[in-house]
Amino acid sequence: MSAFERVREGGFSALDIALMESLRVIWPASSAAALHLAGLNSWAVGKGHSCFTPELLDDWPDTQDSALHAQLRAGTWPQAEFIGDASSDLPIIVDGNRSWLRRYWRHERDVEAALLQRAQPAPISSNAAEVAQALDEFLPASNEAQTDWQRVAAAMSLRAPLSVICGGPGTGKTHTALRLLALHLRLSDKPLRMALAAPTGKAAQRLGESVQAGLDALPLSAKERDALPSDAKTLHRLLGFRPQSVAPLHDADDPLDLDVLIVDECSMVDLPLMAKLLRALKPECRLILLGDPDQLPAVENGAVLASVAASNGDNVFSAPACRWLADAKAARLNPGVEQTAIGDCVVRLQRARRFAGESGIARLVGAIRLGDEDAVFDALSTSADIRWSEQAMAFDTVQARNAARSHWTDLATSESPQAALAQLGSYRILCAVREGPQGVVGLNQAIGSLLHGASSASLHVCGRPILVTSNEHALGLYNGDVGILLAEHAGGPLRAWFTRRDGGLLCVLPTQLPAHESAYAMTVHKAQGSEFDMVDLVLPQQPHPLITREWLYTAASRARRELHVHASREVIRAALPLRTRRINGLHFS
């Protein structure tokens, strides 16, 4: 039986098999065990890991390779001409109990080296008294006895060219980021070139909006205000990726002309993209990473933010870092016994500011993060801002149909495209899966038929929300952008309307649109980086391996004010102990 025939029986994809066959052709004397290891490395990458380790074999679906897998678990790695150690230039790298496709091994080492270099303390032109004064201007100390971690994060961002600010939903990461920009600008002895970026268009738009909305609250001169970045870019746009190319315009030979860069939603940044970003930054550029390591990781390979954040899970800092914080009057902390340079760069914000008081949504999100089953069901059952039903979402009653229409029918008669887009951004149905009656496809079809009847079969109907699913650089539309189809004026032709990155409107003909679909419902992955006033969260009726604790945490935290959950107790209970794993070989000691 050939390797390609086995793809139908084992756990390998056609891509995994193609790699194995290519290596067999180049090195025909290679053993089946060595080729199998190569396939396992490709398979691991396909599962979102950056390397292979024998513990991943717990997820292997096939049993006929059990003897070989037993050898791998025992630490016996096959030998071949294409397998080597870290000093080699071979396709498969083996080091300790891990193996890598060489490209991902290189990405990891580049990320490690770049972050470790940036984590080293660097001198600044301002003294501690000047830092303390600027902190009081932009982040005034509260009267509470508790440590103000936003002040700590701001002060620590001045100490080294790397700063990692972590926090759950509503803890004020972007609020802090804006004040960091102002702080760096105020204390610099030269003009600064600054930029804001995020991994997706929606996240970039939200970051830019948050920064612009917060400017008026800051004591800035007109010159300082003009020096702050006016919008945020996607990382792909910042780096200058070209269509059909994996190599960006900016790299080590042509770095970005920046002094300060803030990157939001870093949990969504995969390993290859982070490696390319770090290569494109000048050594002196201050990099500030924002994100929530408890959210779903990137769809692609790796979990860089989670790996970095693990260096300091409890806001414990070294003695020199604590002295710096005390001198700057940011905080008085007891130093940890041993803290790494990377750990000193990580600050976790802990106080939720988005939710009003001790809201039910805040309690639910916190309980999910800890995996506390009793607390999760208590929040679901007793919270005024959460409505929980164990029944599937359906439109089989007059009440259900009227409720659905109330969310969507006014879109077609909005007074302006801006008003329609604002209304569209206030509510969304989020799903775990695409297929099936409780998936994106089934719910979009059901709602389209409910609103538009037979005309819903046409893609171009007034009031239809749309989600772009591919990039069209010439139009400025990107995968994940959400818009709406509306007539340009009463009785006029339909146009597709989107909010541009600068807050203005983008209008295109429906026939110009890249690949897209209805956006009444969307997956949680597509909604990551977005927030809505109200969310209907729809889970399948049976436990699903995709629904993990991180998925629930990310899904529930998309709602600002009201959350409706459609899920059985069994499905929620099964999800809480499941963790989204991303195996890698990153070390930051």
Side-chain angles (χ1 to χ4, degrees), residues 114-115 117-141 148-165 172-198 207-208 210-233 238 250 255-264 266 277-278 280-290 320-321 323-331 341 344-347:
L115 292 181
Q117 181 183 25
R118 290 179 181 281
Q120 303 305 315
I124 64 170
S125 57
S126 303
N127 59 41
E130 292 171 323
V131 172
Q133 181 180 349
L135 281 174
D136 286 340
E137 283 192 73
F138 298 121
L139 282 163
D148 187 336
W149 295 110
Q150 291 187 331
R151 281 175 67 92
V152 171
M156 292 301 284
S157 75
L158 296 166
R159 187 172 178 265
L162 174 67
S163 180
V164 183
I165 303 176
K173 295 184 292 294
T174 53
H175 173 90
T176 305
L178 172 58
R179 282 146 182 82
L180 260 63
L181 290 177
L183 187 71
H184 283 269
L185 193 63
R186 178 66 57 85
L187 295 175
S188 176
D189 56 0
K190 64 175 184 178
L192 295 179
R193 293 153 296 188
M194 299 177 161
L196 305 169
L207 175 61
S210 297
V211 168
Q212 288 298 315
L215 281 176
D216 292 339
L218 293 180
L220 295 169
S221 67
K223 182 178 180 181
E224 288 173 328
R225 202 176 299 273
D226 290 341
L228 292 174
S230 59
D231 67 346
K233 298 180 180 179
L238 179 76
H250 293 286
L256 291 162
D257 189 19
L258 292 175
D259 300 303
V260 182
L261 173 63
I262 290 181
V263 183
D264 197 11
C266 285
L277 172 65
L278 291 169
L281 295 180
K282 296 177 180 178
E284 64 272 19
C285 177
R286 291 185 177 268
L287 176 63
I288 300 163
L289 304 178
L290 313 177
R323 284 196 295 272
W324 161 255
L325 292 172
D327 291 343
K329 295 181 171 56
D344 274 342
C345 296
V346 179
V347 180

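We're numbering straight along the sequence, starting at 1.
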Between [X] and [Y], which heavy-atom pair has the shortest distance, and what is it?
X      : Y      : answer
Ala331 : Val152 : CB-CG2, 3.6 Å
Ala330 : Ala155 : CB-CB, 3.7 Å
Ala182 : Leu228 : N-CD2, 4.3 Å
Asp259 : Pro191 : OD2-O, 3.9 Å
Leu290 : Lys173 : CD1-O, 3.9 Å

Flag, side chain of [X] to backbone of [Y], donor-acceptor distance under 3.5 Å:
X      : Y      : result
Trp324 : Ala128 : no
Asp264 : Ala198 : no
Gln120 : Gln117 : no

Does some side-chain heavy atom of [Y] sit less than 4.5 Å from a side-chain heavy atom of [X]?
X      : Y      : answer
Gln212 : Asp231 : no
Val131 : Leu187 : yes
Val260 : Ile288 : yes
Leu185 : Met194 : yes
Leu261 : Leu277 : yes
Arg179 : Leu218 : yes
Leu181 : Leu192 : no

Enumerate donor-acceptor pairs with a distance under 3.5 Å from any side-chain N or O in residues 156-163 to protein atoms, sequence neighbours excluded.
residue, atom, partner, partner atom, Å
Ser157, OG, Ala154, O, 2.7
Ser157, OG, His184, NE2, 3.1

Determine all donor-acceptor pairs shorter than 3.5 Å in which one atom belongs to a side chain in residues 134-141; sequence neighbours excluded.
residue, atom, partner, partner atom, Å
Asp136, OD1, Arg151, NH1, 3.1
Asp136, OD1, Arg151, NH2, 3.4
Glu137, OE1, Arg186, NH1, 3.0
Glu137, OE2, Arg186, NH1, 2.8

Nearest-0.5 Å distance that lies between atom [atom1] in [X] and atom [atom2] in [Y]:
X      : Y      : atom1 : atom2 : value
His250 : Leu256 : NE2   : CG    : 5.0 Å
Ile124 : Glu130 : CD1   : CD    : 8.5 Å
Lys282 : Leu287 : NZ    : CG    : 15.0 Å
Leu196 : Leu207 : CG    : CG    : 5.0 Å
Arg193 : Cys285 : CZ    : SG    : 9.0 Å
Lys329 : Gln133 : NZ    : CD    : 11.0 Å

Thr176 and its side chain to side chain contact (heavy atoms under 4.5 Å, CB included) partner, picked from Thr174, Leu178, Leu180: Leu180
Partner set under side chain to side chain donor-acceptor pair (under 3.5 Å) for Arg225, not counting sequence neighbours: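 Expected list: none.
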